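Just so we're clear, the structure is a prediction, and the values are computed from it rather than from any experiment.
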Amino acid sequence: MSRPLKAAIWLGGIALLAATAIDTLAVIGRHLGIPVTGSIELMQAAVLVSGALGLTIATIVQSHARVRLFVDRLSPAGQAVADKLSDALSLIFFLALLIGSACISIDLWDAHEKSEILGVPWRLLRLFANACLIIAAASLAVRIVRKVQS
């Protein structure tokens, strides 16, 4: 496994642990009467980072969950077709997400959007999500091209 991939796994894991810690502190704070201001905004940022990295890493290492009940009953040739179709549909889905997210990013770029309480910059988080979608889509495109060539 490459160094950048390991770093992404660590970053995603740390973001997920941060989300858990933030939510735990917020719940404890509510019960003690000491609310944690901005916890929801921080949770949103942490979940975006962990989710986007999780999606990207799962795509790169080909570890998305798959329902094998139907595909396992196909012939080897049918399984290959189903695998190619799965990759193609996933690529279309990621590209649709990317196009929608990029349109929103372009529309709101000059708005300098920030969260209401803590001022979390949504622009940077959108860029991060878009970068992850680009990497995932590129990984799928390369995989599809390799399968077609072989």
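Sorted by first and then second residue, the pairs that involve residues 31-52 and meet side-chain hydrogen bond (donor to acceptor under 3.5 Å, both in side chains), not counting sequence neighbours, are Glu41-Ser115. Evaluation of the side-chain hydrogen bond (donor to acceptor under 3.5 Å, both in side chains) test over residues 13-26, restricted to residues two or more places apart or in two chains, returns none. Screening residues 140-150 for salt bridge (charged side-chain N to carboxylate O under 4.0 Å, His left out), with sequence neighbours left out, gives Asp83-Lys147, Asp87-Arg143, Asp87-Lys147.
Heavy atoms only, all atoms of each residue included: Ala26 and Val36 are closest at CA-CG2, 3.8 Å. Closest approach of Ile22 and Met43 over heavy atoms only: CG2-CG, 3.8 Å. Of all heavy-atom pairs between Val47 and Ala19, the closest is CG2-CB, 4.2 Å.
In this structure, Thr56 has no side-chain hydrogen bond (donor to acceptor under 3.5 Å, both in side chains) partners at least two apart in sequence or on a different chain. Every side chain to side chain contact (heavy atoms under 4.5 Å, CB included) that Leu69 has, sequence neighbours left out, goes to Val67, Arg73. When the side-chain hydrogen bond (donor to acceptor under 3.5 Å, both in side chains) test is applied to Arg30, no partner is found at least two apart in sequence or on another chain. The side chain to side chain contact (heavy atoms under 4.5 Å, CB included) check on Ser63 picks up Ala58, Val61, with sequence neighbours excluded. For Ala18, there are no side chain to side chain contact (heavy atoms under 4.5 Å, CB included) partners two or more places apart in sequence or in a different chain. Scored by the salt bridge (charged side-chain N to carboxylate O under 4.0 Å, His left out) test, Asp107 finds no partners at all (sequence neighbours excluded).
His112 has its side chain within reach of Arg123: a pair of non-hydrogen atoms, C-beta onward, lies under 4.5 Å apart. Here the side chains of Thr59 and His64 are in contact, with some heavy-atom distance below 4.5 Å. The side-chain heavy atoms of Leu127 and Trp109, taken from C-beta on, include a pair separated by under 4.5 Å.
Hydrophobic side-chain contacts under 4.5 Å tie Ile106 to no other Ile, Leu, Val, Met, Phe, Trp or Tyr residue.
Grouping the Ile, Leu, Val, Met, Phe, Trp and Tyr side chains by contacts below 4.5 angstrom, directly or via other members, places Met1 with Ile57. The hydrophobic clustering, which links ILVMFWY residues whose side-chain heavy atoms are closer than 4.5 Å, places Phe93 and Leu95 together. Both Ile117 and Leu125 belong to a common hydrophobic cluster when Ile, Leu, Val, Met, Phe, Trp and Tyr are linked at side-chain heavy-atom distances under 4.5 angstrom. Hydrophobic cluster membership differs between Leu48 and Leu97, with clusters built from Ile, Leu, Val, Met, Phe, Trp and Tyr side chains linked at under 4.5 angstrom. Linking Ile, Leu, Val, Met, Phe, Trp and Tyr residues whenever their side-chain heavy atoms come within less than 4.5 Å places Val148 and Leu91 in a single cluster.
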Sequence neighbours excluded and cut-off under 3.5 Å, please list the side-chain donor-acceptor pairs for residues 128-141, or say none.
from   : atom 1 : to     : atom 2 : distance (Å)
Asn130 : OD1    : Ser101 : OG     : 2.4
Asn130 : ND2    : Ser105 : OG     : 3.1
Asn130 : ND2    : Arg126 : O      : 3.4

Quiz: residues 6-15 side-chain donor-acceptor pairs under 3.5 angstrom, not counting sequence neighbours:
none

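Atom CG of Leu124 sits about 12.0 Å away from atom CD of Glu113, to the nearest 0.5 Å.
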